[in-house]
Structure formats: structure tokens, C-alpha cells
Amino acid sequence: MEKPLMSSASLSAALIDIRDLSIGFTGRNGQTLPVLRNINLQVRAGESLGLVGESGSGKSTLALAAMGYLKRGLRVLGGHVQFDGTELFGLPRQKLEKIRGGRLALIPQNSGQSLTPSLRIGAQLAEALRLHSNLPAAAHPARIQALLTHVRLPDPQTIVLRYPHELSGGQQQRVAIAMALAGEPEALLLDEPTTGLDVTTQAHILELLRDLARETGMAMVYVSHDLGAIARVCDRVVVMYAGEIAMVGSTRQVLRDPGHPYARGLLASIPKLADARLPVALDGRPPAPGGAGEGCAFVPRCVIAQEICQTNRPMLEETPNGDLVRCHRPSLARTLPIRAESDAAPRGEIGDADALVLDRMAISYARPGLFDGLLRKRAGGALPATVDDITLTLRQGETLGLVGESGSGKSTILKSIAGLLAPVGGAIQFGDGAALPGLVDGRTPDQLRKIQLIFQNPDESLNPRQTVAEILAQPLGLYFGLKGQALLERSAELLERVRLGAHYLDRLPNQLSGGEKQRVAIARAFAAQPDLVLCDEVTSALDVSVQAAVLDLLDALRRDQGTTYIFVSHDLAVVRALSDRVAVLYQGRLCEVGPAAAVYGAPSHPYTEVLLGAVLEPDPDTAPTLSADDVIELAPPAQGCAFQRRCPRKLGGVCDTDTPPWRVDRATGHAIRCHIDRSAL
């Protein structure tokens, strides 16, 4: 039995106390397969603990177990989970519900799972206050406004009137955070809470959570693939691998000089804002549940493994550096590089022919109704188009990164190109230069095959009743007529390319982690052998190692097949690693377009500077540059510069009244839309 991760004096003060916890399920052959093995973990009031590791390592299972919850099919094999001295597993449902949501709250990875689609946002927040706070009903409206303001949602008075489907993914996530904070919990469990948030909103939300923890003594257990977010809010970090704790230490120790080869591999997998090269992915995959063997679970992927690692399972032991490491050779592990970079593979050639042309494209969500009527009244007349005057040309084999805050129109543009949302103005030309019909109903089967969209949230695109094999069989059968053994082999090959295996073919989506679902969605898109892939936050749910592998896969497909990409992401380091050019959107208006190196360098548009300043680095001593009075807007102004109300360099009246001109560097094609001359930026 391994020792608890806190001293005996601290155990009595632990708010969350997990002892010798093992969780598993019964396999098809009747064998018990462990998902978590002998977990000992304690969290004090006011402490922020980070859980990191690859998808499927057991992070989310452990976080949910901390509130006495298990996913369907799982069961407790042994151990205890206590909250403030109360054993949660076995507690009567009525007593457990009094703890959950109020004293112990959860922010899930998928905000859509915590929002009721048929209720307006205001009603859902009011329900959370009624169930989990002592506020009188008369005080609810003011509290709701304060919560929405805290999470940086624009114009709370109109947000409360919207339904969840009328919000972007990032806005939905902020509502979910507001609901979790409504009851002023003593402990907050966060399962990838900033996955769908843009860089500025993420940075502000993390500052809010960190301040709340310090001011109120709220404990936080923060599950994330984003080591930059972990660095910003967590005091300690637990690194998990194959259902076990591989390492525990202070945030600085784990992110600066970890003593486990797996932790160092994760750090090497992170793309870097200052370097355009692709990061290095860890070789191999974690073992399936029950497949770790007798020795170290990491041994098949470890570059310093010896015979003892094959036969003897290492214990979690303290090292001279003060951290706890499950490794036979921690001192040698510290010699492994953590800033390794891949050799710069040659970029695929960008062809001369145009793959896609957007000509002054405009898109609008405006509909007759109460909400849009209120917006028109506030705007003083006509409601500006959601996306307007988008003119871009992509050449064959090129990757265009599309960046901007949540609600800036990135996903809207992709949906219009994919034929899910007809533009209200302008034109889309694809391939041979012919105009592309606005909706999928008017497109040919070949056009449908050649343009594939990978959604941000795989739950919206994967049929929950179909196995992975059935999901992949649809494009393979529809476009290529594959059947039988040929279909099975091609499906297994696709799963291998996204770092899954053939054993996933008979699984349903609810048996997969968030990252595994996203990889299935990527495999399905590639199954059609498309010419143009529209990537909408396709790596946001992936751990850093799998993200690195997927980026390498995308780059390899471009080199081998000349695939063209539009790559939407809030992770600006990921965008730089993959993109040839970058377009920056604000409120549905382009404000900067150019080669990636030029956009990430100087001069840049003032809005681009705001985005770059908010990027979180995996370093606890590096803080983002944020403005306390910077507030996201719900809609652009009717005239002038779209960024005028937030611009730190606003010139004056000309920014209020005149549309800014494009200022272009003819040598590089770098264009900035601003009243300020390029030389003054």
C-alpha cells in the first residue's frame, strides 16, 4: 500500500480525501479491468491541484470519483472517497445531492452536457441559484448579471434571453462556469473547463478562478491538457499515466524539471509560440485498461527503460528534489530533454492553382424575433451582418490559420464553406473556379466528398448509437464502395493514423474519452480523402502528445496528398506550428492577414497584440498581459473600426466613423486593416 500524498498532520485538514481508490469495469471475458489503481490523493481547502496526462489516463474518472460519481459500467474495486469527512460512495442519494452542485461543484468538459437546450440562459442560472444558494428570489436577477459579467460574457441583459444553441461553444462554456460558481462552492472540480475558450477569455477566467480560490478558500481540482492553464492556477500537479499516479510535485517542479520520463515527454509535445516548427509527439500509445503488465506501465514508450522496468512495478517515492515519482531511474530521467524540437520537415509544395476563393462573403444569423429585435434597438437600426466582407484566396496545399476570440465568426465561416449555412452576400468558388452552391442540397457528391468539416465538439457529429466501425463505414462505403475485409482493414488503418487502434472499432462514443472521440471524428473526415479540410478546433480536446501527433499527421497529409486546410484554433502556438498564412478575425471582420511569421511578429494589428499577450505559457513565472477593463462585445459597431471600443491605440473620431483601410506590405503580402500607419504600429 502506498502512502498518502500529504503528511498525517495535513490529512485531518483535507477537504477531499481519496485513499487506496481503485475503479474498474468487467470486460467481455468476465475479467475485471482497472481504470484507476490504488490512488491516494488529498486536497486542502484553498489548494488548487492540477491533474494532467494523456487522454484515457484516468484524470476525468478520478475527478468525477472525487464527487462520488462513476460513469456507467464502472464500479469501485476498493478504497474510499471522503468530502469534509463524509464518505461519498454509499451515501444516500438525497444527502449526496445536497453536497453536489452546492458545496462541491463540477464544470464539465462539454458545456452542452450541463445546459438544458429548451431553457433560456437566465432561467437556467436562476434554477442553479434556487437549488444551491440561500439568496431570495428577488436577488437572483442581480446575482445572475454579476455571474455573467464575472465570466466575461458580453451584454448580460440580452445573453439571459438566449437559448444555448444561440451561443458559441466558448460562450456556452462560460455559462457553465457561471452556473458552477452560483452556489459559491467549497470545492470546484474542473474537467477541461477552458477547452472551448479563446486566449483572452481563458486568461481572464483563470485569473477569476485563482482569485476566488485565494479569497474564499475554495479548493480546486483542475483537469486539463493545457499545461499553460495548469501553470497559471495550480499549486501542485499530479501526472497520471495508465490509471496510476506517475508523479506529484509543485507546479514549478513538475513543469520546470520533472523526474519522470513521461512528464518530460509531455512538455516536449507542447508547441511554442516563439517557434514555428512542429512539436515532438511521444512514440506509441498508453496501454488499454488491464494491459499494463507487471512492470512499469510506461516501459514500452520509455527511452531509458531497463530490465527491472519490465518486471518490477515502481512505487511512488520521494526524490531528493522533493517530488514524488513512480520511476526506477528518476535521476537519469532528469537528463532527458524537455524542450526537444522536431527536425523541420519540408513543407508540402503550395500549388499555383486556387483551391478556394471567398469573394466579399457575408453571413447573418439575424432572424425575426425578440432577441434580434432588442439588438436592433440597441444598434439604432439595422443589425450588422455576423460576418461581413470576407475576401480570402487559398491555393492548393496551403494551410490558412483562422484566429480570433469566441464569437468572432471563425466557425460561422467554416459552416458556410461546408454548405451548412448559406451566405447572404458574396460568393464561394472551389476547385475549378465555379461558384459553389450555398447549401449541401445543391452540391454534387464529389463536391461533398472533397470538402470535409471536423467539428469542435465531436458529440455533435458522432451518432451515439453507432460503433466506431459503423461511423467510419459511412464515408468509406458511400464514396469508395468498401465492404467486408477491405472496409475493416481501411478502418483500422485510419484509427492507427490518429493514434487509436483496431480494438476501438466495436466501441460506442460514450465509451470514449473526449480526446478519443475527437480522433474518431478526424479519422472519419480523412476517410473521404478530401481536397479541403475545415478544422474547427480539432485539437482543443486532445492531450498535448496526441495533439502533436495529429499536427504531424495533418502536415504529412498535406505533403503527401496536397490537402488544403483552414485551421481554426484558439491555441495560437498550434496555429503557428501548422499554418502558412494566418487571418485574424474580430466581430466577423478581417483585421489582419499575412504569412504566419509576419502576423506573429511586428508590426501587428492592436487586436492581434491583445491575443498574443494573453497566451499562457507552461511556466508558473510567466504571466499573460491582460487589461482589467477589456470587455468582449456582443456585436460590432454600426460604423468605423470594429475594434474601436477596445483598442488601446485608438486615434480618435476617425476610428468611430470611418472604416479603416488595408495597409499592405507588398513584399510579403502582410496586410493590416487599421487607421494607424504600419510604421507606427
Report task. Indicate whether the side chain of Asp536 and that of Ser411 have a donor and an acceptor atom separated by less than 3.5 Å. Result -> yes
Query - Close side-chain approach of Leu551 and Gln547, heavy atoms under 4.5 Å - result: yes
Query raised in the report: Quick one: are Leu188 and Ile107 in side-chain contact, heavy atoms under 4.5 Å?
Result: yes
**Report entry** Heavy-atom check, side chain of Leu189 versus side chain of Ile16, under 4.5 Å
**Finding:** yes
Report task. Show your working on side chain to side chain contact (heavy atoms under 4.5 Å, CB included) between Met247 and Val254 and close with a plain yes or no. Result -> CA-CA 8 Å; Met247 181 179 179; Val254 173; 4.0 Å; yes
Query raised in the report: Glu317 side chain to Cys327 main-chain N or O, any donor-acceptor pair under 3.5 Å?
Result: no
Requested in this report: State whether the side chain of Thr251 and the backbone N or O of Cys234 hold a donor-acceptor pair below 3.5 Å, judged by distance alone.
Outcome: yes
Query raised in the report: Distance-only, no hydrogens or angles: does the Gln173 side chain make a donor-acceptor pair with backbone N or O of Pro193 under 3.5 Å?
Result: yes
Query raised in the report: Quick check: does any side chain N or O of Gln452 sit under 3.5 Å from a backbone N or O of Arg449, one acting as donor and the other as acceptor?
Result: yes
Report task. Output the distance between atom CD1 (Ile23) and atom CG (Leu74), rounded to the nearest 0.5 Å. Result -> 7.0 Å
Query raised in the report: So, Arg75 and Thr32: side-chain donor and acceptor under 3.5 Å apart, yes or no?
Result: yes
Query raised in the report: Between Tyr262 and Glu54, do the side chains contain an N or O donor and an N or O acceptor separated by less than 3.5 Å?
Result: yes
**Report entry** Over-ring placement of Arg507 relative to Tyr504, 6.0 Å and 45° cut-offs
**Finding:** yes
Query raised in the report: Can you find a pair of side-chain heavy atoms, one from Leu336 and one from Val303, that are under 4.5 Å apart?
Result: yes
**Report entry** Backbone N/O of Asp226 and side chain of Ser224: donor-acceptor pair under 3.5 Å
**Finding:** yes
Query raised in the report: What distance separates Asp17 CG from Gln82 CD, expressed to the nearest 0.5 Å?
Result: 5.5 Å
Requested in this report: Taking all heavy atoms of Phe83 and all of Ala187, pick out the closest pair and write down the distance.
Outcome: CE1-CB, 3.9 Å
Query raised in the report: If you round to the nearest 0.5 Å, how far is CD of Glu496 from CG of Leu494?
Result: 10.5 Å
Query - Least distance between heavy atoms, Pro164 atom then Leu119 atom - result: CD-O, 3.4 Å
Query raised in the report: Does Thr26 offer a backbone N or O that forms a donor-acceptor pair with the side chain of Gln31 under 3.5 Å?
Result: no
Query raised in the report: Salt bridge or not for Arg100 and Glu97, using N-O below 4.0 Å?
Result: no
Requested in this report: Check whether any side-chain heavy atom of Leu505 sits under 4.5 Å from a side-chain heavy atom of Leu488, and report yes or no.
Outcome: yes
Report task. Using modelled atom types only, decide if a donor and an acceptor are shared between the side chain of Arg264 and the backbone of Pro258 within a distance under 3.5 Å. Result -> yes
Query raised in the report: Closest approach of Pro458 and Lys517, non-hydrogen atoms and distance?
Result: CG-CB, 3.7 Å
**Report entry** Side chains of His570 and Gln202, donor plus acceptor under 3.5 Å
**Finding:** no
Query raised in the report: When you check the gap from the basic side-chain N to the acidic O, do Arg28 and Asp506 get nearer than 4.0 Å?
Result: yes
**Report entry** Heavy-atom side-chain contact between Glu186 and Leu104 under 4.5 Å
**Finding:** no
Query raised in the report: Could you give the distance from CG (Asn38) to CD1 (Ile18), rounded to the nearest 0.5 Å?
Result: 13.0 Å
Query raised in the report: Are Met220 and Leu190 close enough, and set up right, to give a side chain to side chain contact (heavy atoms under 4.5 Å, CB included), and what steps lead you there?
Result: CA-CA 7 Å; Met220 289 196 298; Leu190 307 100; 3.9 Å; yes
Report task. Report the C-alpha distance between Leu472 and Arg490 in whole Å, list the side-chain angles of each, state the deciding distance to 0.1 Å, and finish with yes or no for side chain to side chain contact (heavy atoms under 4.5 Å, CB included). Result -> CA-CA 9 Å; Leu472 295 180; Arg490 179 57 179 155; over 6 Å; no
Query - Heavy-atom side-chain proximity of Tyr241 to Pro287 below 4.5 angstrom - result: yes
Query raised in the report: Would you say the side chain of Glu537 lies within less than 4.5 Å of the side chain of Ile454, judging by non-hydrogen atoms?
Result: no
Query raised in the report: Between Arg236 and Glu47, is the closest basic N to carboxylate O distance under 4.0 Å?
Result: yes
Report task. Indicate whether any N or O donor in one side chain lies under 3.5 Å from an N or O acceptor in the other, for Asp191 and Ser60. Result -> yes
Query raised in the report: Just checking, is any N or O donor in the side chain of Glu470 or Gln474 under 3.5 Å from an acceptor N or O on the other one?
Result: no
Query raised in the report: Just checking, any donor-acceptor pair under 3.5 angstrom between side chains of Glu192 and His225?
Result: yes
Query - Atom pair CG (Asp323) and OG (Ser250), whose distance is rounded to the nearest 0.5 Å - result: 8.0 Å
**Report entry** Donor-acceptor contact below 3.5 Å, side chain Gln511 vs main chain Leu508
**Finding:** yes
Query raised in the report: Do you know the tightest heavy-atom contact between Arg497 and Leu553?
Result: O-CD2, 3.4 Å
Query raised in the report: Counting only heavy atoms not in His80, do more than 12 sit closer than 6.0 Å to its NE2 atom?
Result: no
Query raised in the report: So which heavy atom on Ile304 is nearest to which on Pro261, and how close?
Result: CD1-CG, 4.4 Å
Requested in this report: Specify the closest pair of heavy atoms between Phe89 and Ala65, including all atoms of both residues, with the distance to one decimal.
Outcome: CE1-O, 3.7 Å
**Report entry** Gap separating the CG atom of Leu181 from the NE2 atom of His132, nearest 0.5 angstrom
**Finding:** 12.5 Å
Report task. Run the numbers on Arg301 and Asp283 for side chain to side chain contact (heavy atoms under 4.5 Å, CB included), then give the verdict. Result -> CA-CA 6 Å; Arg301 307 170 72 186; Asp283 290 333; 5.7 Å; no
Query raised in the report: Is any NZ, NE, NH1 or NH2 atom of the basic residue among Arg19 and Glu87 found under 4.0 Å from an Asp or Glu carboxylate oxygen of the other?
Result: no
Query raised in the report: Does the Arg326 side chain pair with the main chain of Ile245, one donor and one acceptor, at a distance under 3.5 Å?
Result: yes
Query raised in the report: Under the 3.5 angstrom rule, does the side chain of Arg334 hit a backbone N or O of Asp257 as a donor-acceptor pair?
Result: yes
